[in-house]
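Naming convention: chains lettered A, B, ... in sequence-line order (proteins, then strands); numbering from 1 in each chain.
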Amino acid sequence: MLQTGLIYNRQFRNETNGFKKRKFMTSGEIRQQFLDFFKSKGHEIVPSAPIVVKNDPTLLFTNAGMNQFKDYFLGNKKPASTRVADTQKCLRVSGKHNDLEEVGVDTYHHTMFEMLGNWSFGDYFKADAIKWSWELLTEVYKLDKDRLYVTIFEGDAKENLAKDEEAYNEWKKWIGEDRILLGNKKDNFWEMGDTGPCGPCSEIHVDCRSDEERKQVEGKTLVNADHPQVIEIWNNVFMQFNRVWDNKASFDEWEKQYEGDDKKEVRAKKVVQYTKLENLPAKHVDTGMGFERLVRVIQGKQSNYDTDVFTGTIAETEKITGKKYDYSDSKEAVAFRVLADHIRAIAFTIADGQLPSNTGAGYVIRRILRRAVRYYYSYLDYKQPLLHQLMPLLAKQFEQVFPELFKQADFVSKVVREEEEAFLRTLEKGLKKIDDVIADTKQESATVINGKAAFELLDTYGFPIDLTRLIASENNLSVDEAGFEVEMKEQKNRSRAATAIDTEDWIVLHDTAASEFIGYDTLEIKTKVTKYRKVKAKGKEAFQVVLETTPFYAESGGQVGDTGTLQIGDEVIDIVDTKKENNLTIHFAEKLPADLSGEAFAKVNIEKRFSTAANHSATHLLHAALRKVLGAHVAQKGSLVNNEYLRFDFSHFAKVTDEEIEQIEAIVNEKIRENIPVVIKELPKDEAVALGAMALFGEKYGDIVRVVIMDPAYSIELCGGTHVGSTGQLGFFKIQAESAVAAGVRRIEAVSGKAAEEVIKEQGVLLRSIKEALKNPKDLQKAVESLQAENSELRKTIEHLENRFLVGIRNELLHKDEIINGVTFVGSMVEVSNADALKKLCFELKSHLNDHLAVLCANIGGKPFVAVSIDEKVVAAKNLDAGKIIKEHIAPLIKGGGGGQKTLATAGGQDASNLQAVIEKVKSLL
RNA sequence: GGGGAAUUAGCUCAGUUGGCUAGAGCGCUUGCAUGGCAUGCAAGAGGCCACCGGUUCGAAUCCGGUAUUCUCCA
């Protein structure tokens, strides 16, 4: 069990930190020393990849240092340098050792964290890796040697794997053999997936307990035992094997039949059974050292939150809220930690281009942000947006390491603030709802809020369950947690069932590597199908086809996937969409030819592709124009390009005015008329940036990037999309809409080429027809305005006349009154045009008569309508009820129905011949 | 992608099982009061109750569809 209770009290905290006194090192220095150290060992220092992952359906965020180097390990790509080191921004919100709800409760879980790593791609191996780890920790960071332990892989009989003697012998050179511990496959053998590169790993653990505690219990017994003060700080993975399928068919067979809760473990065993390990020709080193943890150890703190990585934000939060952080287990202290942690995750993901939203990665950000709001709202008693106030401090803190945040600090704050405000509004609405729920619960004299209501609060009003719990307890109520869980589970099942895509196995025809894309220059080609499979989603069958070479552009960078045809033999099938799965281009078809083995002729829908390319080129021209007109702060925040139009989201703080829109259109159209040739080059990222390409924080290290240039002085962008040959092919550019997407993000929708021409044509036609309808006035706008004015004038006049008319009828009726048994009775047929007028007349009579009973009938378009009005006094004195009279006496006579209040009721029906009888009937009741 | 909900005056929202001439607060206009302001008092303007269709004698209210927004889940 995790001993979270070990969050120490203050006194203990000041007394001892386990380590001998040494010069204080800031977190910045610690990070820099790591990078400097590996630089001195011949490593190239590379920047962190973005925290947000694109083009990998299995991953939303970078969750480990090695993510950006995956292709090098898999052999898909060759690295520019064989020795690399970096600090990588990572985000984890779920997983076996990590749950969002745990973060902040203890001393060491985080959502966003930095992973320091050094890498060898077929270069050095165990000897150097181990030597340098030791050197860095003990010589540079000067950690006490007698507090360090290392683990190595003990071997595994089932896999026929021997103990990692090589690592053991290397470690022996530096550390006593009694401190080298053996670890099992679970802890000390690392694998990327079912198959692929893998190998033993060696962990370094550090014992941070006080000397006293260390005397009582030996440190090595606590390694890998979830002790909060005896922790792993560095893992060195030695990739030396490649796991390949030995009998994939049997495994697939097994997996198809097998279902179960314990699936993961059983499945892993099966994978072992049906695979074999081969030696990797090029051996790699992949290491990861949690930065926040390392800082805590070096600075001798007992909690990550006590290091200078977090103390700045905690102090700032104290200043803002006026509360004091007391290092305890209290909800208030948890709130401080939650804020200090979450603000980082939120800030860096937004800075990397992911806005909060209600789906996918954006939803994860929103959830993290809302959890932070919940904590300050409930436990720091702060009811206004707080997080955005921490942003300047955080941006400054990381200015040197992750400049992308500092550069966009204003934008990020604005987005965060807007999100906070939105959620605070949601909370307020939820508070109103929960009042109703509590009132209902109390009325039923229950003491438990039922699970369904609690779930509805969350599901519909976004009201978090912990707040429901809190407010319930303040009202001496509890929440039916079990019932809530049931509802939650049902919702999850519903969602899962709806998204379940039934994927059959690939049927492999030709065993080749990733398919080659040749569609930049070629739109049709003879090739062959390498593999295909059937997928089923929501009962609909579809097929996915992979080609050896393909001219089809797969959806990417906002540009939609190509459509077209695939011909095999005499059969032609439609390709309805093209998408990417990692490096694989997948073509979607609704049906397949009978035989896929022969030569395949792949042909892209040229017209669509061309219109799409035009819109994509137009997007670049637009982007550059926006920066010219609005300023250099404009950065792309999202983009959609298809054959019909383009949509471009960008950061900008105000509505783009009509004048600005006109300027932007003018610039783009000017560039179109200049007929600039579109030049496309493939370059290493650094060269592209040097050329002046808009530096997008979206590329991985070492990528060869594609640069699209339309006049080097105007637009240079990194882009993988397809473009026209020269800007003149766009013909014409027209902005159709400008709107807001989120705080500080505007959206422009526009068209180019034929579609733009079409839009102008349609507008012309519309304008002409409106003019004609108005008899071709000189000033169209004025004509419409006067028409509107006249219309409202007429409406008022009619209303006025109707009232006058009703007053006339009323006066006539007032003369017809007769006193029956002390009641002023008026019963008459009237001529009005609608049923509402009957009601109005009743009110008129009421205000001019005392103790009245009126029954008014009208024949409107052959249908009978009746209204009965009775004075309150008469209702009481005579025990009459207009509603009852209508229902019991009148409705049958007119073959209809009706109802209303005791004093006023109306009816309608089908038979207008008995209206006179109706009046007599009512009269007889008096 | 799947569920739940919301849409009523310029803004924030009431409107209880279909029927009281669709309301409140703030804002707006006008008048009055105060030396001025904050403000107070009085009167008034302002609503195709999101849109389309259906059920009903009768729909802001019930049903179906569309749009937009919120929200939970994947």
Side-chain angles (χ1 to χ4, degrees), chain A residues 57 60 94 356-364 366-367 370 419 421-430 432-433 436 439-440 443 452-465 468 484-485 487-501 537-540 739-742 791-792 795-796 799 802-803 806 834-847 857-870 872 875 881-884 886-887 890-912 918:
Chain A
L60 290 176
S94 60
S357 75
N358 57 354
T359 53
Y363 185 54
V364 175
R366 178 167 283 177
R367 263 167 52 201
R370 292 185 167 194
E419 270 294 304
E421 280 170 352
F423 186 53
L424 288 168
R425 274 199 298 275
T426 301
L427 281 183
E428 254 166 54
K429 287 193 179 182
K432 277 186 194 165
K433 288 287 160 194
D436 293 347
D440 287 351
Q443 194 165 17
K452 212 169 179 171
F455 177 74
E456 196 191 314
L457 275 167
L458 171 77
D459 183 51
T460 305
Y461 302 100
F463 203 73
I465 181 69
T468 303
F484 175 81
E485 285 303 324
E487 295 286 332
M488 200 73 200
K489 210 166 188 174
E490 263 175 38
Q491 148 129 311
K492 285 188 181 183
N493 286 338
R494 258 200 314 273
S495 290
R496 204 167 296 135
T499 13
I501 311 172
K538 285 184 286 171
K540 250 184 126 180
S739 57
V741 186
N791 189 289
S792 95
R795 196 185 297 186
K796 274 183 188 158
E799 205 178 318
E802 264 184 352
N803 284 337
L806 288 180
N834 61 66
D836 232 27
L838 280 183
K839 252 196 216 175
K840 276 191 181 161
L841 275 175
C842 283
F843 288 112
E844 284 290 330
L845 290 175
K846 185 182 175 179
S847 59
C857 301
N859 180 335
I860 303 167
K863 284 189 174 181
F865 290 91
V866 181
V868 175
S869 167
I870 311 175
E872 282 91 349
V875 166
D881 180 337
K884 270 191 188 160
I886 287 278
K887 281 203 168 82
I890 298 175
L893 285 173
I894 58 173
K895 294 194 177 130
Q901 265 59 54
K902 284 186 174 181
T903 56
L904 180 78
T906 57
Q910 305 297 328
D911 183 2
V918 167

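Rounded to a whole angstrom, the distance from the P atom of rU71(B) to that of rC32(B) is 49 Å. Nucleotides rG23(B) and rA9(B), compared at atom C1', are 10 Å apart to the nearest Å. Comparing the same atom, P, in rG53(B) and in rA59(B) gives a spacing of 14 Å after rounding to whole Å. With both ends at atom P, the span from rG64(B) to rG4(B) equals 10 Å, rounded to whole Å. Nucleotides rA14(B) and rU29(B), compared at atom C1', are 25 Å apart to the nearest Å. Taking the C1' atom of each, rU69(B) and rU8(B) are spaced 16 Å apart, rounded to whole Å. The same atom, P, is picked in rG1(B) and in rG18(B); the two are 36 Å apart, to the nearest Å. If you take atom P in rG54(B) and the same atom in rU68(B), they sit 24 Å apart, rounded to whole Å.
With rC13(B), rG3(B), rC57(B) as the choices, the nucleotide that has an atom nearest any side-chain atom of Gln491(A) turns out to be rG3(B). With distances taken from any side-chain atom of Tyr461(A) to the nucleotides rA5(B), rC72(B), rG1(B), the minimum falls on rA5(B). Of the candidates rG19(B), rC13(B), rG4(B), rC13(B) carries the atom nearest the Lys432(A) side chain, counting heavy atoms from C-beta on. The side chain of Phe865(A) has rC57(B) as its nearest neighbour among rG19(B), rC72(B), rC57(B). Here rC13(B) is the nucleotide among rG1(B), rC13(B), rC72(B) with the atom lying nearest to any side-chain atom of Lys429(A). Proximity note for Gln901(A) (side chain, C-beta onward) versus rC20(B), rC57(B), rG4(B): the nearest is rC20(B). Candidate nucleotides rC70(B), rG19(B), rA5(B) were compared by shortest atom distance to the side chain of Thr426(A), and rC70(B) ranks first.
Note on Gly462(A): only backbone sugar-phosphate atoms sit closer than 4.0 angstrom, heavy atoms only; bases stay farther off. Contacts of Thr903(A) with the nucleic acid, taken as non-hydrogen atoms under 4.0 Å apart, are absent. Contacts of Lys863(A) with the nucleic acid, taken as non-hydrogen atoms under 4.0 Å apart, are absent.
Here Arg366(A) reaches the OP1 or OP2 of rU71(B): one of its side-chain N or O atoms lies under 4.0 Å away. Put simply, Lys433(A) has no side-chain N or O that comes within less than 4.0 Å of OP1 or OP2 on rA5(B). Distances shown here put every side-chain N or O of Arg494(A) at or beyond 4.0 Å from the OP1 or OP2 atom of rG1(B).
In this entry rG36(B) has no Watson-Crick or G-U wobble partner, no candidate having both defining distances under 3.5 Å. Across every strand in view, rU56(B) sits unpaired, with no contact that passes the Watson-Crick or G-U test at under 3.5 angstrom.
A salt bridge links Lys846(A) with Glu872(A); the closest basic N to acidic carboxylate O contact falls under 4.0 Å.
Under 3.5 Å, the side chain of Thr906(A) and the base of rG19(B) form at least one donor-acceptor pair of N or O atoms.
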